[in-house]
Amino acid sequence: MLEITRIKENKAEIIELLKVRNMDAAAQIEKIIAVDEQWRSNKQKQDSLLAEGNAIAKQIGQLFAQKKQEEAEEAKKRGGELRDEEKAVAEVVNALADELQNLLYEIPNVPHPSVPAGNSDEDNVKISESGQIPVVGKNWLPHWELAKKHEIIDFEMGVKVTGAGFPFYTGKGARLQRALINFFLDEARDAGYKEIIPPFVVNEASGYATGQLPDKEGQMYHDAQDNLYLIPTAEVPLTNMYRNVILKEEELPIKLTGYTPCFRREAGSYGSDVRGLNRLHQFDKVEIVRVEHPSQSYEVLDQMVAYVQGLLTKLNLPYRTLRLCGGDLGFTAALTIDLEVYSAAQDKWLEVSSISNFEAYQANRLKLRFKDADKKKNLAHTLNGSALALPRILAALLENNQTDNGINIPEVLVPYTGFETI
RNA sequence: GGAUAGUUGGCAGAGUGGUCGAAUGCACUAGUCUUGAAAACUAGCGUACCGCAAGGUACCGAGAGUUCGAAUCUCUCACUGUCCGCCA
């Protein structure tokens, strides 16, 4: 969430930038400032009541020690009154604090000035495009047909055992999946990221800290019995490792990578978007996460984009790079770069990576700070990106590399798969 | 799942109703001494919030309660250790 001091000091600018999200936050911002003002004055009142009460309580102790019973009784009466008074004020203070908290939770991150205006993914701005778009052959099949033909993914079995969106990978399909995971992890390690295997389930506090809650409540699988959530991305457990942490400045930057399955309910999705591997309830992803000094974070974002572009180049997949518009920007992100891969047979660009700078928005919820040389505490910046999401990579690989003699595995993956064609 | 013990500052560990935000030791920071280091000595050393400041408030696992006053008493919950059971 945004820092209240930032809201107060940059009110006009924040309202202006939030318009890029098609959001008129003016009324909410005013409300926040008003509630904060009220909270402050009530809090001061409460503090002084408590101070007085503490002083009297101390006095009573001394009076008893001096055997001054009557005076002590008198003071007790006054103490009782103060307590009642304080209780009443405390209720107001707590209510205001709750209200303020909830209001702040409802304000999304302020978009970076470079975020273009727009309503939907159609308004995202293309930055670049690379790689050779394959010429589609006569008998080319979409990946779901290929999967069936070569018996590498079993969607029906998934429906039988679990439900739609939970496919089985079988035989060479499973091995290719594992190969991709290992390839991505090895690449990340070589780029200096520390590998983590986190829990795939997180508690409520973690969900709030990275911003999935309350914004995406309905999008996560929830175990009500233990109040735990299946992770929608490794971002949640990896970033939450640093919840409530004060780092030394020299510990920055933190570079983490992790493979996890990701679980998403995807309520409200439909149509050709969900065909085959295009959108699943469970999918595999390797994520990269960084904790950075605020002065570095945008430079780092560029590095991360370049890194992921490098992966796609190695896999020989045509891709394009997009700057997300305000309407498509995630709730907690200040700037997001998407990478889309061209999947030839279905003639679609598929999002395979989303790389975001959250600036201090997550860090403020996480209470993730670092101490600078003057021992001053500052919020760190957090960033993350997919590197990469597997199913759509798989879809594009299958579709783009199909030949009359089977599907060719990209050279870089062969050491991992142990086979060259499917 | 059953029984039992516990949860105090970076760590260890005192503290069972009133000068306790909390002894002491270790660690850490700065200084003295030293050619340098170690040792010794001296001082400092939690977090958050309010306030221009002086200062104030809160925090001893979490929440509620008793009391003029709670780390200390009561209740609820969470977590950890140990033993038993079950199990990868």
Side-chain angles (χ1 to χ4, degrees), chain A residues 1-9 32-105 197-209 213 222-229 237 240-251 254 261 360 362-380:
Chain A
M1 71 193 146
L2 298 177
E3 296 154 89
I4 184 78
T5 48
R6 182 177 168 200
I7 292 178
K8 287 198 290 194
E9 284 165 19
I32 284 171
I33 291 172
V35 171
D36 179 64
E37 223 30 70
Q38 281 180 54
W39 172 78
R40 249 162 242 274
S41 70
N42 279 284
K43 160 89 169 141
Q44 274 174 37
K45 200 159 133 198
Q46 184 194 18
D47 278 359
S48 62
L49 284 170
L50 283 167
E52 199 179 334
N54 286 343
I56 287 182
K58 208 170 263 184
Q59 225 175 58
I60 291 170
Q62 286 164 355
L63 291 172
F64 272 125
Q66 297 161 19
K67 309 265 186 219
K68 294 181 180 168
Q69 294 292 340
E70 292 150 47
E71 285 176 55
E73 289 304 326
E74 192 60 31
K76 268 170 114 166
K77 229 175 98 191
R78 175 69 188 134
E81 287 164 16
L82 276 171
R83 187 190 54 175
D84 293 341
E85 218 176 314
E86 190 274 330
K87 267 189 178 161
V89 178
E91 265 179 52
V92 177
V93 170
N94 292 338
L96 287 167
D98 280 354
E99 189 183 356
L100 183 60
Q101 183 72 210
N102 290 331
L103 286 167
L104 284 170
Y105 270 142
I197 300 181
F200 302 158
V201 177
V202 294
N203 59 28
E204 194 178 10
S206 294
Y208 272 97
L213 292 173
H222 182 216
D223 166 20
Q225 201 166 2
D226 296 309
N227 196 22
L228 296 171
Y229 293 84
N240 269 284
M241 291 170 74
Y242 291 89
R243 170 150 49 89
N244 251 320
V245 167
I246 300 174
L247 295 161
K248 297 190 191 106
E249 190 168 8
E250 59 267 27
E251 288 177 277
I254 307 273
Q362 279 187 335
N364 192 31
R365 286 200 190 183
L366 287 160
K367 298 215 165 60
L368 164 52
R369 289 158 297 173
F370 68 92
K371 254 184 203 172
D372 62 23
D374 308 328
K375 300 206 168 169
K376 205 171 149 268
K377 286 176 281 290
N378 308 283
L379 291 171

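Every chain is numbered from 1 and lettered A, B, ... according to where its sequence line falls, protein lines coming before strand lines.
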[atom1] atom, [N] versus [M]: distance in rounded Å?
{"N": "U42(B)", "M": "C26(B)", "atom1": "P", "value": "12 Å"}
{"N": "U32(B)", "M": "G51(B)", "atom1": "C1'", "value": "39 Å"}
{"N": "U72(B)", "M": "C60(B)", "atom1": "C1'", "value": "10 Å"}
{"N": "G9(B)", "M": "U47(B)", "atom1": "P", "value": "14 Å"}
{"N": "A70(B)", "M": "G61(B)", "atom1": "P", "value": "15 Å"}
{"N": "G1(B)", "M": "C87(B)", "atom1": "C1'", "value": "12 Å"}
{"N": "C86(B)", "M": "C49(B)", "atom1": "C1'", "value": "48 Å"}
{"N": "U66(B)", "M": "U74(B)", "atom1": "P", "value": "15 Å"}

* Asked: Could you go step by step and tell me if Glu81(A) and Arg78(A) meet the salt bridge (Lys or Arg N to Asp or Glu O under 4.0 Å) rule?
  -> CA-CA 5 Å; Glu81(A) 287 164 16; Arg78(A) 175 69 188 134; 3.3 Å; yes
Expressed in angstrom and rounded to an integer, what is the separation of [X] atom [atom1] from [N] atom [atom2]?
{"X": "Gln101(A)", "N": "C49(B)", "atom1": "CD", "atom2": "P", "result": "13 Å"}
{"X": "Leu82(A)", "N": "U57(B)", "atom1": "CG", "atom2": "C1'", "result": "15 Å"}
{"X": "Asn42(A)", "N": "G51(B)", "atom1": "CG", "atom2": "P", "result": "13 Å"}
{"X": "Asn94(A)", "N": "G63(B)", "atom1": "CG", "atom2": "P", "result": "11 Å"}
{"X": "Lys58(A)", "N": "C68(B)", "atom1": "NZ", "atom2": "P", "result": "19 Å"}
{"X": "Leu49(A)", "N": "G56(B)", "atom1": "CG", "atom2": "P", "result": "16 Å"}
{"X": "Asp84(A)", "N": "G65(B)", "atom1": "CG", "atom2": "P", "result": "13 Å"}
{"X": "Lys87(A)", "N": "A64(B)", "atom1": "NZ", "atom2": "C1'", "result": "11 Å"}

What does [X] touch in the nucleic acid at a heavy-atom separation under 4.0 angstrom: a base, only the sugar-phosphate, or nothing?
{"X": "Ala75(A)", "result": "nothing"}
{"X": "Gly61(A)", "result": "base"}
{"X": "Leu50(A)", "result": "sugar-phosphate"}

Of the candidate nucleotides [options], which contains the atom at the shortest distance from the side chain of [X]?
{"X": "Phe64(A)", "options": "C50(B), A58(B), G18(B)", "result": "G18(B)"}
{"X": "Ile246(A)", "options": "U47(B), U66(B), U57(B)", "result": "U47(B)"}
{"X": "Gln44(A)", "options": "U47(B), C50(B), G18(B)", "result": "C50(B)"}
{"X": "Ala57(A)", "options": "C68(B), C50(B), U57(B)", "result": "C68(B)"}

* Compare all side-chain heavy atoms of Val202(A) with those of Asn240(A) and state whether any distance is below 4.5 angstrom. => no
* Evaluate the side-chain proximity of Leu104(A) to Ile7(A): yes if any heavy-atom separation is below 4.5 Å, no if none is. =>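 In contact.
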* Mind running side-chain contact (heavy atoms from CB on, under 4.5 Å) on Gln46(A) and Glu86(A) for me, showing each step along the way? => CA-CA 6 Å; Gln46(A) 184 194 18; Glu86(A) 190 274 330; 3.0 Å; yes
* More 5' along RNA chain B: Gly53(A) or Gln59(A), using each one's nearest nucleotide? ->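 Of the two residues, Gln59(A) wins.
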* Asked: 5'-most contact on RNA chain B: Gln46(A) or Lys43(A), nearest heavy atom basis?
  -> Lys43(A)
Identity of whatever pairs with [N] - Watson-Crick or G-U, under 3.5 angstrom:
{"N": "A62(B)", "result": "U76(B)"}
{"N": "A70(B)", "result": "none"}
{"N": "A12(B)", "result": "U24(B)"}
{"N": "U29(B)", "result": "A43(B)"}
{"N": "G81(B)", "result": "U4(B)"}
{"N": "G17(B)", "result": "none"}
{"N": "A53(B)", "result": "none"}

For [N], take OP1 and OP2 only and decide whether either is under 4.0 Å from a side-chain N or O of [X].
{"X": "Lys377(A)", "N": "A48(B)", "result": "yes"}
{"X": "Lys371(A)", "N": "U47(B)", "result": "yes"}
{"X": "Arg369(A)", "N": "A48(B)", "result": "yes"}
{"X": "Asn54(A)", "N": "A58(B)", "result": "yes"}
{"X": "Arg83(A)", "N": "G69(B)", "result": "yes"}

* Could you walk me through whether Leu366(A) and Val245(A) pass the side-chain contact (heavy atoms from CB on, under 4.5 Å) check? -> CA-CA 8 Å; Leu366(A) 287 160; Val245(A) 167; over 6 Å; no
* Asked: Taking atom types as modelled and ignoring hydrogens, do the side chains of Asn227(A) and Glu204(A) form a donor-acceptor contact shorter than 3.5 angstrom?
  -> yes
* Above 12 or not: heavy atoms from other molecules or residues under 6.0 Å from CD of Glu91(A)? -> no
* Count the heavy atoms belonging to other residues, nucleotides or ligands that lie under 6.0 Å from NZ of Lys8(A), then report whether that count exceeds 12. =>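 Result for NZ/Lys8(A): enclosed.
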